[in-house]
Number of protein chains: 4
Amino acid sequence: MSEHRNGPVRSAAARDSILDATARLLALQGYDNLTMEGIAKEAGVGKQTIYRWWRSRGALIADCMIEGRLATVEIDLPDTGDLGGDLNVWLEGIVSIVADPAGGALLRSLVAAAAEDGAVGDRLAAALGADQTLSLRLASAVRAGQLPEGAPVDQLGLAILGAIIVPVLARRPIDAVEIRRLVDHLIRPAG
Amino acid sequence: MSEHRNGPVRSAAARDSILDATARLLALQGYDNLTMEGIAKEAGVGKQTIYRWWRSRGALIADCMIEGRLATVEIDLPDTGDLGGDLNVWLEGIVSIVADPAGGALLRSLVAAAAEDGAVGDRLAAALGADQTLSLRLASAVRAGQLPEGAPVDQLGLAILGAIIVPVLARRPIDAVEIRRLVDHLIRPAG
Amino acid sequence: MSEHRNGPVRSAAARDSILDATARLLALQGYDNLTMEGIAKEAGVGKQTIYRWWRSRGALIADCMIEGRLATVEIDLPDTGDLGGDLNVWLEGIVSIVADPAGGALLRSLVAAAAEDGAVGDRLAAALGADQTLSLRLASAVRAGQLPEGAPVDQLGLAILGAIIVPVLARRPIDAVEIRRLVDHLIRPAG
Amino acid sequence: MSEHRNGPVRSAAARDSILDATARLLALQGYDNLTMEGIAKEAGVGKQTIYRWWRSRGALIADCMIEGRLATVEIDLPDTGDLGGDLNVWLEGIVSIVADPAGGALLRSLVAAAAEDGAVGDRLAAALGADQTLSLRLASAVRAGQLPEGAPVDQLGLAILGAIIVPVLARRPIDAVEIRRLVDHLIRPAG
DNA sequence: CCATAACCGAGACGGTACGTCTTGTCTTGCC
DNA sequence: GGCAAGACAAGACGTACCGTCTCGGTTATGG
């Protein structure tokens, strides 16, 4: 924080400083070493200013994700008409993040936060693209005839995420080749 | 704990009492309200006796899972030759657990524990069947020609888990029908 | 406070409301539960309005005493010519106040305030009569020959107060009979 | 604190260190700047170790007084047979303490503590000698015929204390000569 | 056959963080 | 410019757990 700003309206500087500190400390130290007092100190803010606007660590993290302050978790998914190629681009993005130890740790932190706080779970699914991006791309593929009519596009998105999240939780290395085979299997032409 | 003493060898009664208390408190109160002191008190045991044999909450939970003390998480998966039917039986088991609020909360607790402790992640994947049971069943289906040669059986297991875990984290209701459609899609005959 | 606003001159309504709230809360809750925020809220006043005109809780309490808003502490002392009888009337007043638990608590509160804030100490001694009323009455007795020439009238007042304040601080019951014996001893004819 | 001593029995080192820190900080900073956290830090002790054994600042201070750690408050009162002379010795001790600014501040701190906590009031009266020493000396004077039979010895002690405490509260200079005149008046031969 | 060593329950210890409360300052917008 | 309202940085409150450390006692084993 810079200036000692207050008054009867919410301080944008304090808000910004708090979310910034949250994102920084989460990435550096992980969810279980993330403390409200640590955030307050790092942000140069009184604890009460945090509690006035957020109920919990989870709420802070959810806001960070909404505002894209955990930037590494934003992936994009093109729609060139080539479903397999597009998904590979997206996979490339995800895998390059979670294959990095710091990225894996961040994902585990987010999962831990999600387990405690439903709002984080929502935002996490959204940030990873499962909610909209991925489902929409798959729906588009259905319309293009690349996936069978009535394919469970929402569930397919979750399924791909699962193949990534579960190994990350278990600290196993991500095998990009295997995941690509999974994707190929999922979108293989119907029999 | 019942009897008071033993000797210079590890007390089976203490060990049992501790794991029992861990499982009970985890199910009742969730991972984030699970404390070492609470376990010690519930088990009628000194804290040191816990720390002597386990490094952390995670290690306790992992042991509980290994011994099947979180019994609701043990699912079985038949192999009648009918892949779709067998998977439906297994799904039925899983869904009936996580659809129950307590079961969902327990799964979230385990995921939180897994995010903190790699060993729990391993055990969690195993307990849910992803590691062995599910993969083996799918491999058996490959041999039976019900899945294409070279189908990524390990990843398929993780994928199904993902479609269950992610909604549970986000506290969304589990839609059993949709998941069944996913499974049908995954094992649909190749084109 | 009733009406909402005024102009660039000090609001008598605010001042009155603040002192009123101070006196009420002090009597109800005691000195250590008396807070500036509580007073502001009770008075329906902004905190700044208090800080603008008073430096501390002590200053507020001193003003309350000056204006006789802690009315129970105002005692009167007649001068009928009968020194012993007059002092007994005064003692009666004091003892009936401090013998009541609420009165004792109020006196302790005032002593606590006095210990923090010299101005309150001044006002407290004055309110209890030690400064003027009591000394003047005793001086009058000296003139009437009821006390020896040169009797330390100021100190005698303090002395009687001490016999009341110290037991109140220690939460001991006030023994009115004993105090009357003290007074009789103090004013006994010289040898 | 020196060594990291613990075990299932109370640590004498911790106890000592805490009372020592309390006495030191009370004398340095006064009662209202005395905080539990400050004591814990100064003593090199966890806050819980304080709260485990004492309920409040007042209880700490009372213990300090019992053990004579606020040493300046211990006065002695000889009994040579010469009542006036003995009291003058005692007065000398008291006055030399409270005439010093630090001594006066300490006494005000003790009075503030007493106002909050009855036990401190008890100990304070005792430490100043009102309870036993002074009363006993006066009773001895009664037996020696220096005071009239039936003189209210307890109240006389309180009275002298009052003449000291009230001016200290009001931050007025202590007038040793006046107090000596008061004492002379109190013990003057009966008429 | 007795000493010793590892175990046990209990719980005090120095700490860290919790979430709440209050302080005194500052700002906003109304009057 | 005074006012009600209330956000702000700061920091103490009293509680809950952490992981380490005695303590006193029990019991199996091995010298």
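Reminder, nothing fancy here: chain letters follow the sequence lines and each chain counts from 1.
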Practice item. Measure from the side-chain heavy atoms of A:Arg10 and tell me the nearest of F:dC8, F:dA9, F:dC18. Key: F:dC8

Review point. Out of E:dG14, E:dG9, F:dC18, which nucleotide sits closest to the side chain of B:Glu37?
Key: F:dC18

Review point. To the nearest angstrom, how far is A:Trp54 atom CH2 from E:dT20 atom C1'?
Key: 18 Å

Practice item. Give a yes or no answer on whether the side chain of C:Ser17 reaches the backbone of C:Ala13 with a donor-acceptor pair at less than 3.5 Å. Key: no

Point to revise | Point-to-point distance, once rounded to the nearest 0.5 Å, from CD1 of C:Ile61 to CG of C:Asp117 | key: 8.0 Å

Check your understanding: With distance as the sole test, does D:Ser109 use its side chain to make a donor-acceptor pair with the main-chain N or O of D:Gly30 at under 3.5 Å?
Key -> no

Review point. Looking only at atom types and distance, does a side-chain atom of A:Asn33 sit under 3.5 Å from a main-chain N or O of A:Gln29, one as donor and one as acceptor?
Key: yes

Practice item. Compare side-chain N and O positions of D:Trp53 against OP1 and OP2 of E:dG11 and report whether any pair is under 4.0 Å apart. Key: no

**Study point:** Comparing A:Gln48 and A:Arg57 on DNA chain E - which has the more 5′ nearest nucleotide
**Key:** A:Arg57

**Study point:** Interatomic distance, C:Met36 CE vs E:dT22 P [rounded to whole Å]
**Key:** 13 Å

**Study point:** Check: F:dG11 base within 3.5 Å donor-acceptor of A:Lys47 side chain
**Key:** no

Point to revise | Whole-Å distance separating the CZ atom of A:Arg55 from the P atom of E:dC18 | key: 16 Å

Revision key, fill the gap. Closest to the 5' end of DNA chain E, once B:Ala40 and A:Gly38 are matched to their nearest nucleotides, is B:Ala40

Point to revise | Atom-to-atom span, CD1 of B:Ile50 to P of E:dC8 - whole angstrom | key: 11 Å

Point to revise | Out of F:dC3, F:dT15, F:dC17, whichever nucleotide has its closest atom nearest the side chain of C:Ala14 | key: F:dC3

Review point. Taking the side chain of A:Thr35 as its heavy atoms from C-beta onward, which of E:dG9, E:dA17, E:dT25 lies nearest to it?
Key: E:dA17

Exercise for review: May I ask you to evaluate whether D:Thr49 reaches the phosphate of E:dA12, defined as a side-chain N or O under 4.0 Å from OP1 or OP2?
Suggested key: no

Review point. What integer distance in Å separates B:Asn33:CG from F:dC18:C1'?
Key: 16 Å

Revision key, fill the gap. Here the distance between atom C1' of F:dC3 and atom CG of C:Asp16, to the nearest Å, is 16 Å

Point to revise | Nearest-Å distance for atom pair CG/P, residues C:Asp32 and F:dC13 | key: 13 Å

Check your understanding: So, the side chain of C:Arg108 versus the backbone of C:Val168: is there a donor-acceptor pair under 3.5 Å, distance only?
Key -> yes

Point to revise | For atom OH of C:Tyr51 and atom C1' of F:dA5, their distance in whole Å | key: 15 Å

Exercise for review: Among E:dC8, F:dA9, E:dC18, find the nucleotide with the atom closest to the side chain of B:Arg52.
Suggested key: E:dC8

Study note, to complete from the structure: Of the candidates F:dC23, F:dT20, F:dA12, the side chain of D:Val9 sits closest to F:dC23

